[in-house]
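Note that the coordinates shown come from a computational prediction; the quantities given were computed from them, not determined experimentally.
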Amino acid sequence: MSDEPSAPSPQQPTDAQPARVSLSFDLPPGTVVRVQINTHGQNPQVQVEQVEQVEQVSQTEAPPVVFRPLQRLNSSLHWLQKHIRLTPTWALALALLIYALTRLIGLSNFPNYFSCDEAISAVWAQSLLRDGLRDTTTGELLPTFVRNDGQYSLSATVYLLLLPVRVLGTSIALVRGLTALLSLLMAWWLVRIGRDFLHLRLPWLSVLLLACIPTWLLHSRTGLEAPQMVAFYTGFVYYYLRYRQGHHRSLWVSLVLGVLTFYTYTPGQVIMVFSGLMLLVLDARYHWQQRRVAALGLGILLLSALPLLRFWILHPTAYAERMIMYGSYLAQTDLSFWQKLLRYLGQYFAGLDPAFWFLPNPPEHIKYRTGPYPSIPWLYLPLIALGAWQSIRRWREPAMRLLWLSLLASPTGAALVNAPSIPRLLLIVLPLTLLSALGLQTLLDLLGRLRWPPRWLLQLSIFCILSVSSLMLLQDALHTSPLWYQNYGIDGLQWGAPQVFEQARRYAEQNPARNVAVSPTWTFQGEQLRRFFVPNVSTIRIEAIEPYFYDIRPEVLESTSFWLTANDLQKAEQSGHFEPPQIEQQIPYPNGRPGFFLVRLRYVANIQEVIEAETAARHQLLPATWQIDGLTVSGQASRLEGDPQNIFDGNLDTLVRSVDVNPLVIELNFAEAQTLRGIQARVGSEAVRLTVSVTTTAAQDNTTTFVVNQGQSNGFKDILVDFERPLPVQALRIELLDVFAGDPAPVHLWEVTLLHQDGQ
């Protein structure tokens, strides 16, 4: 049996059109059906357009001859129809249950890695609870945004975790469980959108189609902000559609969810600004008709903008610094407005490229890929195309316009950077899921016009196929995903956080007199992971093994056990500074290769002699030649990474780095003396000391030394060394020391400019 939506309720807008009701029945002969149609309103009218009657087959007529296998098939189908009834309520409940299971089963095991980006929000929640809801680095009470890897990007997720962290502490299940529950709420909103506004007779289609999307399975089981943003945006869409249907106060709920979308994830800020402006224009007439409700909505927006305004006042350069960190073309000063606009459009359409979404292994970091599966199954493509066609036919409906709006909004935030990224584009899952559900419903309606298979069997088959597919996808992910990609290090999956810190905690409990140092070379922000997993174990710290190569601390070394990667252990063994390591424990990678080692180390007996010889060799200068102001200048320099010419090329974006030498030294010998009044050096944010020794052509006292100290800064800085008067310079020696880095350490230098007497 099938039926289309009934006429609108009295709460719907007055311009709604009466619904056409059609009923069709597939029943055995002899069945009596009575249909009663009730209407509401001042002038109730019922117009029957067509009535088809099928005469009852006489019981005395001889039964037709039926092919025996077909008769058995029909008997089996009648039994199946009688005993297995997939009612809409039970189908929806079972679909939501299956979706919930695929989000929660083995939550700590897939994804098989746990990154610092998942841990950081809970760590900040813990910090705010401890420090009276203040950011201790800035002193702000209830900060609008807090830092992640130096950038202000975390907000709503941190505050959502305050109460759970307060009650339950930090754990993988807690952090990922928040996202999983929000995604379950998103699934329910999808059901309501499909049923109430897209008029899907099978609203469970969207839930099961969503459950079968590999990239959503991956992201909705992480602690990342992107899937949470998608869930809030889905709620924003649902309640906005309720507002357009006549439930005017739903606008306020929609705006609150839009605010959460804005403050949850950075690309969500651009997405919400774009969506808000488009809806303001498209539905301007309707907003004016509901101006009292809209006025209160405007008040909600103004209140929610106050934290952002405070952030802009306190951190006016934060957004510009983020664009610089991401290497965005928007931060390039050599591009015109039109060049940046073309770049933006190129990145925008790259986010909508079907090859990026429907082919396996897109050009994306392996943490966000789904092994042998494409991000979205390619079988969805024809369904999406069919759903898009249906939505265009029904363009006058607000739900269809909003469906396309969410699709167009998806890449708006991601297009600000130079390459498409799945987390930044994840919102695309929402419109594509609804379009595929609309397309699949259309396909089922077309097939339902055939005499066989019966409509109920088609629906049951689709339900079973989607349900089994989602469960099989989860089963495969749980068992094979550790081997999808086998780059487990810092430039790959960064695998090992729960394994290493759990073993470190157990070892610290069993050996309270010993310290445990965990190497940071396999992950970003290792300190945040330590604070997440072992916040109250004072004997566990994040510390690399390299400082012990040159900073001789035998008493510390004797009392410390080190969790090292295989590469760290190899460096220690090959350094010649230690006796053969004593290995206490091992943790293999999922593919069986050596991963982590817990070791004890001791220095060799002649460690001082070894270090002195290595230091002398490391600080030895190498011959070099530069082109400076049209002159060929020879000299010497420390061992460098990068082209030595970068120091004098006039380009502030190029740099060199010393190879484990602090200070970095440059010596210039001019064929003819140059009249100079000083030099200027572009360096980074670290505290430095710049020493310049000037050798002149004077007969006596021909070497003068100038020293300038500069403290830490928020970004690049230019250090000026003024010679106080023009000097005939025959040779220059420049030493750049990173004050707090020690030796050995890399020192970065972007540019050196020679200041001539004429000011050039």
Side-chain angles (χ1 to χ4, degrees), residues 612 615-684 686-711 716-739 741 743-760:
E612 290 173 2
T615 301
R618 195 173 64 253
H619 283 267
Q620 184 177 359
L621 302 182
L622 302 178
T625 302
W626 295 273
Q627 294 294 320
I628 306 176
D629 300 329
L631 299 175
T632 300
V633 181
S634 61
Q636 304 179 96
S638 301
R639 299 176 186 272
L640 301 175
E641 288 185 9
D643 186 354
Q645 184 61 41
N646 291 346
I647 303 172
F648 299 101
D649 64 355
N651 186 350
L652 298 181
D653 294 327
T654 61
L655 77 157
V656 297
R657 181 175 67 175
S658 67
V659 180
D660 293 331
V661 174
N662 189 20
L664 184 157
V665 178
I666 302 167
E667 290 185 352
L668 303 177
N669 299 308
F670 298 102
E672 296 182 3
Q674 302 293 305
T675 302
L676 303 177
R677 59 183 177 86
I679 72 164
Q680 182 170 287
R682 164 63 67 94
V683 299
E686 61 273 6
V688 296
R689 177 180 302 141
L690 183 61
T691 303
V692 180
S693 298
V694 181
T695 301
T696 66
T697 57
Q700 297 179 346
D701 299 330
N702 63 341
T703 300
T704 306
T705 300
F706 302 89
V707 180
V708 176
N709 292 291
Q710 288 280 356
F716 298 111
K717 51 181 174 283
D718 294 309
I719 302 177
L720 174 65
V721 179
D722 189 354
F723 296 165
E724 299 177 354
R725 67 183 188 279
L727 297 176
V729 179
Q730 190 71 55
L732 275 178
R733 178 182 171 90
I734 302 171
E735 296 184 10
L736 181 63
L737 175 71
D738 188 334
V739 175
D743 181 38
V747 179
H748 298 76
L749 176 62
W750 275 259
E751 189 70 21
V752 173
T753 304
L754 304 183
L755 305 178
H756 295 270
Q757 183 179 6
D758 57 4
Q760 298 297 322

Legend entry - Side chain K717, main chain A681, donor-acceptor under 3.5 Å: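 It does not hold such a pair.
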
Shortest non-hydrogen contact between [X] and [Y], atoms and distance:
X	Y	result
L622	R639	CD1-CG, 3.8 Å
G650	E751	N-OE2, 2.7 Å
S658	A745	OG-O, 3.7 Å
D649	N651	OD1-N, 3.0 Å

[Y] side chain reached by [X] side chain, heavy atoms, under 4.5 Å:
X	Y	result
S693	T704	no
V747	L737	no
T703	T695	yes
L640	I647	yes
I679	F723	yes
H756	Q674	yes
L732	L676	yes

Legend entry - Residue pairs fulfilling ring-ring contact (aromatic ring centres under 6.0 Å, His included) with at least one residue in residues 634-665, sequence neighbours excluded: W626-F648

Once you round to the nearest 0.5 Å, how far does [atom1] of [X] lie from [atom2] of [Y]?
X	Y	atom1	atom2	value
L749	L690	CG	CG	8.5 Å
Q680	L720	CD	CG	6.0 Å
L755	R677	CG	CZ	4.5 Å
D718	Q710	CG	CD	9.5 Å
T691	F706	OG1	CZ	12.0 Å

Inset, instruction - Flag yes if more than 12 heavy atoms outside R682 fall under 6.0 Å of its CZ atom; otherwise flag no. - result: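 It does: R682 CZ has more than 12 such atoms within range.
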
Inset, instruction - Tell me, with the steps shown, if V739 and E686 meet side chain to side chain contact (heavy atoms under 4.5 Å, CB included). - result: CA-CA 8 Å; V739 175; E686 61 273 6; over 6 Å; no

Legend entry - The single option from T697, T696, L727 passing side-chain contact (heavy atoms from CB on, under 4.5 Å) against N702: T696

Inset, instruction - Decide whether Q627 and T632 meet the rule of one side-chain donor and one side-chain acceptor closer than 3.5 Å. - result: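 Note: Q627 and T632 side chains meet the donor-acceptor criterion.
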
Inset, instruction - Take I734 and V721 through the side chain to side chain contact (heavy atoms under 4.5 Å, CB included) test and state the conclusion after the steps. - result: CA-CA 11 Å; I734 302 171; V721 179; over 6 Å; no

Inset, instruction - Dump the intermediate steps for side chain to side chain contact (heavy atoms under 4.5 Å, CB included) on V729 and L754, then the final yes or no. - result: CA-CA 11 Å; V729 179; L754 304 183; over 6 Å; no

Inset, instruction - Check salt bridge (charged side-chain N to carboxylate O under 4.0 Å, His left out) between D722 and all other residues, then give those that pass, not counting sequence neighbours. - result: none

Which atom pairs, one a donor and one an acceptor, fall under 3.5 Å between side chains of residues 659-669 and the rest of the protein, sequence neighbours left out?
unit_1: N662; atom_1: OD1; unit_2: D738; atom_2: N; d: 2.9
unit_1: N662; atom_1: ND2; unit_2: D738; atom_2: O; d: 3.0
unit_1: N662; atom_1: ND2; unit_2: G742; atom_2: O; d: 2.7
unit_1: E667; atom_1: OE1; unit_2: Q636; atom_2: NE2; d: 3.0
unit_1: E667; atom_1: OE2; unit_2: R733; atom_2: NH1; d: 2.4

Inset, instruction - Tell me, with the steps shown, if D743 and H619 meet side chain to side chain contact (heavy atoms under 4.5 Å, CB included). - result: CA-CA 10 Å; D743 181 38; H619 283 267; 2.8 Å; yes

